[in-house]
*Asks:* 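Got a structure for you, questions after.
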2 protein chains.
Amino acid sequence: MDAPKPTLPRLDESLLTHLPPFSRLERRQIRTVLDQASVRRYDAGAHIFEEGAPADRFYMLLDGYVRVVRITATGEQVTALHIPAGQLLGIAKAIGRETYPATAMTATEALALSWPTRLWDDFVATYDGFATETYKTVGQRVGEMNTRVVEMATQQVEQRVANALLRLVNQTGRKVEDGIEIDFPITRQDLSELTATTLHTVSRLLSAWEKLGLVESRRKRIKVRDPHALVVLAQP
Amino acid sequence: MDAPKPTLPRLDESLLTHLPPFSRLERRQIRTVLDQASVRRYDAGAHIFEEGAPADRFYMLLDGYVRVVRITATGEQVTALHIPAGQLLGIAKAIGRETYPATAMTATEALALSWPTRLWDDFVATYDGFATETYKTVGQRVGEMNTRVVEMATQQVEQRVANALLRLVNQTGRKVEDGIEIDFPITRQDLSELTATTLHTVSRLLSAWEKLGLVESRRKRIKVRDPHALVVLAQP
DNA sequence: CGGGCGTTTGAAAACTGTCAATGCTAGTGG
DNA sequence: CCACTAGCATTGACAGTTTTCAAACGCCCG
């Protein structure tokens, strides 16, 4: 919400060198980019920007996970997607918008760089590969949204939840002993907002799957023990 | 699917002068753009391009309506959006994709220009306003998809169908005596693919609304007589 | 004028949501 | 260090919208 403030120590260039939108830049260019950036740490659950607000800044998530949600007139939340560290967000400018199309809130403690949106056109024009890579990101997100529309239109709840779990595990999974765990705290409610159902139904499904040995879950943590069996469930 | 072929008579420049992506171009530039274009007429129901195919060309729809659909593994169709004359389509390149993300089929007889995708970067670089306007188009479509996800996640079928009807009427409505009619042939099945329900449910809803005097419909035609009442129905 | 395709309608079944109540966990503060 | 409590999760019973299944109708185009 309030404007991010620059930190005193200079940011290290290695922060960006391996991230796609900046990977083709020279050291000197990265220096310039970093000198224009603000860093900020966010608590878990903090709002980075709000749907409908002027798109003042765009962000690069350095650490943590962000949930992109829309909130309906009646107060219900619908989660559009999750963004892992290393991706841009708040890039309204890339799709010709002056305001943010959704609210971004952190799913974990997070760290992000940001730049004033007025620098966007500079970045696109000046930095080789920046535009290409950001449009790829847009493309992936559009693709993912598309997939969700198709799923919601054609599949039953069980399949949607299974698919959502698999996607989370693929995108943000952390390999642990006997399974893969979703790398951030996620509640039944969160999962239900991602799959257009209720927390009750999600709870029942997870309980059932746990009895079958497909998943294991504690409060806010979900571990998938048998991804393949889930893939089977996810099919109609 | 075979390649569009150029027509013999030269295309008139006035075709493009008032269309957003080209409206800032000079006459001479439009001439160049047109000389590189192919025109083609499509029958109603024809496929312009297919999901997953290499994005060889991008298109400007000059007349008619196009339906963008995705087809699931089990053969069900889900309609993503409708595109009216005057808009670009097949602009995979704008979102960093090499293949079309969905199938485009005509809802009516249609007329479209097209260019080889290799010209895309030229267009973006050379023509003032082209990039900006196309990204606005992308933004609008993303916004619309977003809205549909939210609707599907939070609303009942009746509200979704009402909202879909209103959107169609707003975007492609033609004012007629005592009402506004959707400007292209649309079946119950089509509407159900747009709202994630079945043709039966759509049929029942339309029958009920017709009894109430909100709409009037014949085979493949829907006329909205009382948009305001529909807006009320569309609310939760 | 015929038939195909779109449409209508009834009845029954099925998912899934709603309501309600309780149990449990993890973090907080004394 | 332990008790407390707020938030998260579980579960049963029930209701209701929506789909599914089936059958028949009727409009339009060729």
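Owing to the predicted nature of the structure, the values given are computational and were not obtained by experimental measurement. Quick note on labels: first sequence line is chain A, next is B, and so on, each numbered from 1.
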*Asks:* Would you say R41(B)'s side chain and E109(B)'s backbone share a donor-acceptor pair under 3.5 angstrom?
*Replies:* no
*Asks:* Starting at atom CD1 of I186(B), determine the distance to atom P of dT7(C), rounded to an integer number of angstrom.
*Replies:* 10 Å
*Asks:* When we call it a touch if two heavy atoms are under 4.0 Å apart, what does L206(B) touch: a base, just sugar-phosphate, or nothing?
*Replies:* nothing
*Asks:* Name the nucleic acid region contacted by S203(B), choosing base, sugar-phosphate or nothing; use a 4.0 angstrom heavy-atom cut-off, strictly under.
*Replies:* base
*Asks:* Do Q189(B) and T187(B) have side-chain N/O donor and acceptor atoms under 3.5 Å apart?
*Replies:* no
*Asks:* Testing E216(B), R225(B), K223(B) for side-chain contact (heavy atoms from CB on, under 4.5 Å) with E181(B), which one passes?
*Replies:* K223(B)
*Asks:* Could you state the CZ-P distance from R221(B) to dC27(D), rounded to the nearest angstrom?
*Replies:* 18 Å
*Asks:* Is the side chain of T117(A) donor-acceptor paired with the backbone N or O of R57(A) at a distance under 3.5 Å, no angle test?
*Replies:* yes
*Asks:* Would you mind building the protein contact string for nucleotides 14-23 of chain C? One character per nucleotide, 5' to 3', B for base within reach (heavy atoms under 4.0 Å), S for sugar-phosphate only, - for untouched.
*Replies:* -SSSBBB---
*Asks:* Going by the angle between their ring planes, with limits at 30° and 60°, are F184(B) and Y65(B) parallel, tilted or perpendicular?
*Replies:* tilted
*Asks:* Do side-chain atoms of R160(A) reach the backbone of A196(A) as a donor and acceptor pair under 3.5 angstrom?
*Replies:* yes
*Asks:* Measure from NZ on K220(A) to P on dG27(C) and round the result to the nearest Å.
*Replies:* 9 Å
*Asks:* Give the rounded distance in Å between these two atoms: CG of L199(B) and P of dC21(D).
*Replies:* 13 Å
*Asks:* Rounded to whole angstroms, how far apart are CZ on R188(A) and C1' on dT25(C)?
*Replies:* 12 Å
